[in-house]
2 protein chains.
Amino acid sequence: METKGPRSPAMTDVARLAGVSHQTVSRVLNDHPNVKEQTRLRVRAAIAELGYRPNRAARALVTGRSQLIGVVARNSMLYGPASMLAEFEQAAADTGFAVSVGSVRELDRDSISAVVDRHLDQRVAGLVVIAQVASATEALAEIPAEVPVVFIDGDPAAGRSLVTVDQVAGARAAVRHLLDQGHETVWHVSGPTEWFDSAGRISGWRQTLLEAGREVPPLLSADWSAAEGYRAGQMLARMPEVTAVFAANDHLALGVLRALHERGRRVPHDVSVIGFDDVPEAAFFIPPLTTVRQSFGDVARAALTLLLGQMKEESGAADTVIVPAQLVKRESVAPPA
Amino acid sequence: METKGPRSPAMTDVARLAGVSHQTVSRVLNDHPNVKEQTRLRVRAAIAELGYRPNRAARALVTGRSQLIGVVARNSMLYGPASMLAEFEQAAADTGFAVSVGSVRELDRDSISAVVDRHLDQRVAGLVVIAQVASATEALAEIPAEVPVVFIDGDPAAGRSLVTVDQVAGARAAVRHLLDQGHETVWHVSGPTEWFDSAGRISGWRQTLLEAGREVPPLLSADWSAAEGYRAGQMLARMPEVTAVFAANDHLALGVLRALHERGRRVPHDVSVIGFDDVPEAAFFIPPLTTVRQSFGDVARAALTLLLGQMKEESGAADTVIVPAQLVKRESVAPPA
DNA sequence: GCGGGCATTGTTATCGATAACATTCCCACA
DNA sequence: TGTGGGAATGTTATCGATAACAATGCCCGC
């Protein structure tokens, strides 16, 4: 049995202790001008003494806005999304926002709708959606227009603010690098074709080959896993004419490396391989993997900036920020034998 | 310029449309008995028609509890923590809870205190702390006793509810397996020694060797990265007497594999290697890695169950749940040459 | 020395829900 | 036929903050 515990102090308690009205306490809390320095100090002291913390629910109720940003992400341990989330949370915390995650097993319409609804229930001040596939875009059409939304890796044509890594340029740099080494052409193991990321990398790959007047080999498409990279690698290993492979992410590249190794094709002596992402382990693959680094931190910060911008002005301006990618050269690339 | 937008409907709007009082609407929403079936239906219809959604802030204000669970985790792309978070969010969503993440760059006292404060500001109904190091435990001592807390991978001696993978048993299985293959002893590349996970794996390793009457080689300790695994691997590769290595996670194992490969020591022919975690890529290392799988989903669900239990009864019972780990045999282990 | 204006502080209304208590309605039963 | 009582519903208070407005107090110029 218990006496309901001493409930945590409210603003009036602070006011009483400081000998002022609760409104003055509120003013101190919100850094209003026109509070005498001495009063401010008294109030601060009272706050500290009581260990008072403002009740966000009450504030949200009266102001109509929460200090919460909802993130919709795919429940996956893919390196990219996971990093993004962590980076975003850090950035948001620095500006006083909390982040509520809603993860979803698949990026289909219904799952996304459900998560978005949960977030709207919480009256999030804004939404960030890591929406790498087209089906996500559809589901998101139903987000009320007045809710600020920023997409990460989403559909460039969706008419919403978007932050994305420059997939095309990243892919171009990778392919360019291989051609510069003297390879006749470059094979590509792509991610799922419905992902925008994949699409960008594929198109950068294709463009670069065409511009160089090279033959474009058939596309090998996979999911993002090492398992499928391995599968694709088994095919590639069997074809002696393959001397250069651009894999759409580092895990695919890992699978490719192993398949090549199993069939005795040496990397980079017989075949050069480039990945994408620069996961921390990439430098320790056998051999160390040349890859394209994306700065998830930059993406996260850009997304937050756009979101805060939308929240401030009610302008629904749909800006697009493209974050550069950078080729990291390691030992998995060499001129053809 | 705008007319402040039609604010979203409140309970009174629903009540007016349904021709009842707002209290009746509240009762319908909360599944109270004593509402005539016909009334209930009218209210439901009105809710649907207006697209009404309850304001959580208002509810939280009056009931004094939020439907929010705070998670404190390390901002890292380490496989374990990231997976854990995703799994936990899923589980929580199924029971109607939202999850607010607070990530922290380092698990030191101050950072943790700051994140915990942010969560308490939000009046979370409970906290889950992924606190793999001792310094975290200290910081958490200051969490008010009435806030339900569950630790994941935390200090078994902290006197709070704890869910953890059976690190000791996992390590024992790994070492046992190597000894069974005929190896004379097993070297260990551990994670940071201040992590409880590391401590458990180290002690499982040591115990098993001692019980088998084997010599315990010096411990090589590292962080969790492939880079440090590589460093440790370079030392091991130089020592011909090393025939079996147990790495504290798969990334370390990756680094070890590469170092061995560089010095021409074949795996598993010359040296057997076992990792820990079973990251999805482990099956595609060169060679495929034998490792110990932890079920993060089970951990997450167990943590949620404990937390909900604490929230229901005010009992501060400090239960501990230990989730088993499982040896996954692949090709990186063989009898000594 | 008086009134205008600004800095400072206080008072009251409000957000949207639930809790506690009040009221109505209806039926069974003495 | 009056009445006790439970089911169904309504009324009012409340949570803890901010907003809008009201009320001081003080300085200063004329």
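Below, chains carry the letters A, B, ... as their sequence lines are ordered, and counting in each starts from 1. Because the structure is predicted, anything quoted here is derived from the model rather than measured.
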Whole-Å distance separating the [atom1] atom of [X] from the [atom2] atom of [N]:
{"X": "A/R123", "N": "C/dA17", "atom1": "CZ", "atom2": "C1'", "result": "11 Å"}
{"X": "B/N55", "N": "D/dT14", "atom1": "CG", "atom2": "P", "result": "21 Å"}
{"X": "B/L61", "N": "D/dA17", "atom1": "CG", "atom2": "P", "result": "9 Å"}
{"X": "A/N34", "N": "C/dG5", "atom1": "CG", "atom2": "C1'", "result": "13 Å"}
{"X": "A/Q67", "N": "D/dA17", "atom1": "CD", "atom2": "P", "result": "15 Å"}
{"X": "B/R16", "N": "C/dG16", "atom1": "CZ", "atom2": "C1'", "result": "13 Å"}

Pairs involving residues 107-119 of chain B, ordered by first then second residue, that meet side chain to side chain donor-acceptor pair (under 3.5 Å) (sequence neighbours left out)
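Side chain to side chain donor-acceptor pair (under 3.5 Å) check on residues 107-119 of chain B returns A/R53-B/D117, A/E89-B/R118, B/D108-B/S111, B/R109-B/E142, B/S113-B/E142.
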Inter- and intrachain pairs under side chain to side chain donor-acceptor pair (under 3.5 Å), touching residues 34-46 of chain B, at least two apart
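Residue pairs passing side chain to side chain donor-acceptor pair (under 3.5 Å), neighbours aside: none found.
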[X]: which residues meet the side-chain contact (heavy atoms from CB on, under 4.5 Å) condition with it, sequence neighbours left out?
{"X": "A/P324", "result": "none"}
{"X": "A/S26", "result": "A/M11, A/Q23, A/N30"}
{"X": "A/I47", "result": "A/V14, A/L29, A/V43, A/Y52"}
{"X": "A/E194", "result": "A/V133, A/P192"}

At less than 4.0 Å, is any side-chain N or O atom of A/T24 found next to OP1 or OP2 of C/dT8? Yes or no.
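Answer is no, no contact under 4.0 Å.
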For the helix from C/dG1-D/dC30 to C/dA30-D/dT1, what angle lies between the axis at the first five pairs and the axis at the last five pairs, to 10 degrees?
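For the helix from C/dG1-D/dC30 to C/dA30-D/dT1, the axes at either end differ by 60°.
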Nearest-nucleotide wise, let me know which of B/P54 and A/P33 is further upstream toward the 5' end of DNA chain C.
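Counting from the 5' end, the first nearest nucleotide belongs to A/P33.
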Using side-chain hydrogen bond (donor to acceptor under 3.5 Å, both in side chains) as the criterion, list what pairs up with A/S66, not counting sequence neighbours.
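For A/S66 there are no side-chain hydrogen bond (donor to acceptor under 3.5 Å, both in side chains) partners, ignoring immediate neighbours.
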Using only atom types and a distance under 3.5 Å, with no angle test, would you say the side chain of B/Q132 pairs donor to acceptor with the backbone of B/G154?
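Absent.
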Given 3.5 Å as the limit, does a donor-acceptor pair link the side chain of A/S161 with the main chain of A/D319, or not?
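At least one qualifying donor-acceptor pair exists.
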Strictly under 4.0 angstrom, non-hydrogen atoms only: write out the protein contact profile of nucleotides 18-25 of chain C, one letter per nucleotide from the 5' end, B, S or -.
BBB-----
With sequence neighbours excluded, what pairs up with B/D197 under the salt bridge (charged side-chain N to carboxylate O under 4.0 Å, His left out) test?
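With neighbours one apart ignored, the set is B/R201.
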By salt bridge (charged side-chain N to carboxylate O under 4.0 Å, His left out) - contacts of A/R301 (at least two apart):
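If we apply the salt bridge (charged side-chain N to carboxylate O under 4.0 Å, His left out) test to A/R301, skipping adjacent residues, the hits are A/D298.
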Check DNA chain D against residues 36-51 of chain B and give the residues with a non-hydrogen atom under 4.0 Å, in numerical order.
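B/K36, B/T39, in order of number.
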